[in-house]
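As structure tokens, the structure follows; a few thoughts come after it.
Here the structure is a predicted model, which is why all the values come from computation and not from measurement.
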Amino acid sequence: MSQFSLEGKIALITGASYGIGFSIAQALAGAGATIVFNDISQEFVDKGLANYSQAGITAHGYVCDVTDESGIQKMVKQIEQEVGIIDILVNNAGIIKRTPMLEMEVKDFRQVIDIDLTAPFIVAKAVLPSMIKKGHGKIINICSMMSELGRETVSAYAAAKGGLKMLTKNIASEYGSANIQCNGIGPGYIATPQTAPLREKQADGTPHPFDQFIIAKTPAARWGEPEDLAGPAVFLASDASNFVNGHILYVDGGILAYIGKQP
């Protein structure tokens, strides 16, 4: 069996009805994992199940709010009873609110922290006991370039993702001796339906200013594709990364390595 094989493994990917979480789930399924996902409403779960079915993947969907600790504990127990012990957790669910700091309401700041930072703590806490008992587990936190960099209007998101980077390192520190690896993936700017408006041509046919900005800041000179996250996700979920712990793997086309072109 290949060290990259996930045959016989059960992977929980939070908020994976669509987008980056769905793409990562597809990659894990392609390596042999059984896919379990949650979303905040039955409508999203049903849409997710339809997406997986269309992709030829049999997935198990659950309605659960990742910020609800008792709900998450119940969901994990239900998954263990209906599907099996979770071998791989991908903390993918997240939000961003683009608001200048001085205009941001504290309740909105707290909501971003709650979903993007507190929820990964809650879900990891729920799956860790069975991983410890089993003697093996993989936790992958979806971090961000904002785990390292700041930018206008994303104070809450950057604070949460910076915290998630350190939570990743701390889980690795606490539970590495139990043969549990906790790492992060930091996507760069990925071409998804959510970012499509930022890549649309202007009325005069020129690229969107933000599109030009990203291309100029990326040594690869392109946006990432969801498929670019597949290999890193499979690597961090598989036995190939058994001695990799507390690491953030940035999949950003080189942005964090690059100071940018001279004007």
Side-chain angles (χ1 to χ4, degrees), residues 6 9-30 32-97 107-108 110-131 134 137-144 156-157 160-161 164 167 171 182 185 187 190 192-194 226 229 233 237:
L6 300 179
K9 304 292 186 181
I10 295 168
L12 167 61
I13 305 97
T14 65
S17 298
Y18 61 93
I20 285 174
F22 178 77
S23 295
I24 288 174
Q26 277 187 296
L28 301 187
T34 298
I35 300 302
V36 182
F37 73 99
N38 80 294
D39 219 314
I40 198 164
S41 71
Q42 189 65 54
E43 179 186 2
F44 282 127
V45 168
D46 289 343
K47 286 181 179 177
L49 289 171
N51 289 336
Y52 286 105
S53 179
Q54 189 173 9
I57 297 167
T58 300
H60 306 265
Y62 294 82
V63 178
C64 192
D65 180 346
V66 287
T67 66
D68 176 3
E69 184 173 15
S70 64
I72 287 293
Q73 292 281 350
K74 289 175 185 175
M75 182 187 76
V76 168
K77 286 178 183 174
Q78 189 178 354
I79 292 168
E80 290 180 351
Q81 291 168 358
E82 296 176 355
V83 187
I85 301 296
I86 295 163
D87 301 285
I88 302 155
L89 166 64
V90 182
N91 275 314
N92 166 75
I95 64 168
I96 187 169
K97 289 179 182 287
K107 64 178 177 59
D108 291 330
R110 285 181 173 142
Q111 184 188 22
V112 174
I113 297 294
D114 206 24
I115 295 172
D116 292 4
L117 177 56
T118 308
F121 165 79
I122 288 171
V123 186
K125 185 181 172 187
V127 304
L128 274 165
S130 291
M131 287 182 174
K134 193 170 186 177
K138 300 281 187 175
I139 297 175
I140 303 171
N141 293 324
I142 303 304
C143 296
S144 166
Y157 184 78
K161 293 299 187 178
L164 186 58
L167 178 63
I171 293 171
C182 181
I185 293 177
I190 306 297
T192 65
Q194 288 75 25
L229 301 171

Result for side-chain contact (heavy atoms from CB on, under 4.5 Å) between T14 and one of V66, V36, V90 points to V66
- Task: Might you work through the side-chain contact (heavy atoms from CB on, under 4.5 Å) test for D116 and K161, ending with a clear yes or no?
- Result: CA-CA 7 Å; D116 292 4; K161 293 299 187 178; 4.3 Å; yes
Side-chain donor-acceptor contacts of residues 68-75 below 3.5 Å, not counting sequence neighbours, with atom names and distances?
unit_1, atom_1, unit_2, atom_2, d
D68, OD1, S70, N, 3.3
D68, OD1, S70, OG, 3.0
D68, OD1, G71, N, 3.1
E69, OE2, K125, NZ, 3.0

One should read off an interatomic distance between N38 CG and L12 CG, to the nearest 0.5 angstrom, of 6.5 Å
The ring pair (Phe, Tyr, Trp, His ring centres under 6.0 Å) partners of Y157 (sequence neighbours excluded) come to none
Rounding to 0.5 Å, atoms CD1 (I40) and CD1 (I115) come to a distance of 6.5 Å
Main-chain N/O of C143 paired with N141 side-chain donor or acceptor, under 3.5 Å = no
Sorted by chain and number, sequence neighbours left out, side chain to side chain contact (heavy atoms under 4.5 Å, CB included) with E82 holds for Y62, Q78
Give the C-alpha distance, both sets of side-chain angles, the deciding distance and a yes or no for side-chain contact (heavy atoms from CB on, under 4.5 Å) between I95 and V112. CA-CA 6 Å; I95 64 168; V112 174; 4.0 Å; yes
Here the salt bridge (Lys or Arg N to Asp or Glu O under 4.0 Å) pairs for residues 34-46, sequence neighbours left out, are E43-K47
Given the options L117, I139, L164, N91 meets side-chain contact (heavy atoms from CB on, under 4.5 Å) only with I139
Scanning both residues in full, the closest heavy-atom pair of I35 with A25 reads CD1-O, 3.4 Å
In short, I142 meets N92 closest at the heavy-atom pair CG1-CA, 3.8 Å
Interatomic distance, NZ@K9 vs CD1@I88, rounded to 0.5 Å, equals 7.0 Å
Interatomic distance, NZ@K97 vs CD@Q111, rounded to 0.5 Å, equals 4.5 Å
Closest non-hydrogen contact found for M131 with G137 is SD-CA, 3.8 Å
For D87, the salt bridge (Lys or Arg N to Asp or Glu O under 4.0 Å) test, sequence neighbours excluded, returns K134
Taken to the nearest 0.5 Å, the spacing of F22 CZ from I13 CD1 works out to 10.5 Å
Quiz prompt | I96 atom CD1, over 12 foreign heavy atoms within 6.0 Å | solution = yes
Closest heavy-atom pair, A237 versus I140, reported as atoms and distance to 0.1 Å, is N-CD1, 3.8 Å
- Query: So do P226 and I190 actually touch side chain to side chain, heavy atoms under 4.5 Å?
  - Reply: yes
What one should report as the nearest heavy-atom pair of I57 and A29 is CD1-CB, 3.9 Å
List the steps and the verdict of side-chain contact (heavy atoms from CB on, under 4.5 Å) for D108 and R110.
CA-CA 5 Å; D108 291 330; R110 285 181 173 142; over 6 Å; no
In short, A59 meets L49 closest at the heavy-atom pair O-CD2, 3.6 Å
CG (L28) and CD1 (I24) are apart, to the nearest 0.5 Å, by 7.5 Å
Applied to residues 13-28, the salt bridge (Lys or Arg N to Asp or Glu O under 4.0 Å) test, sequence neighbours excluded, yields none
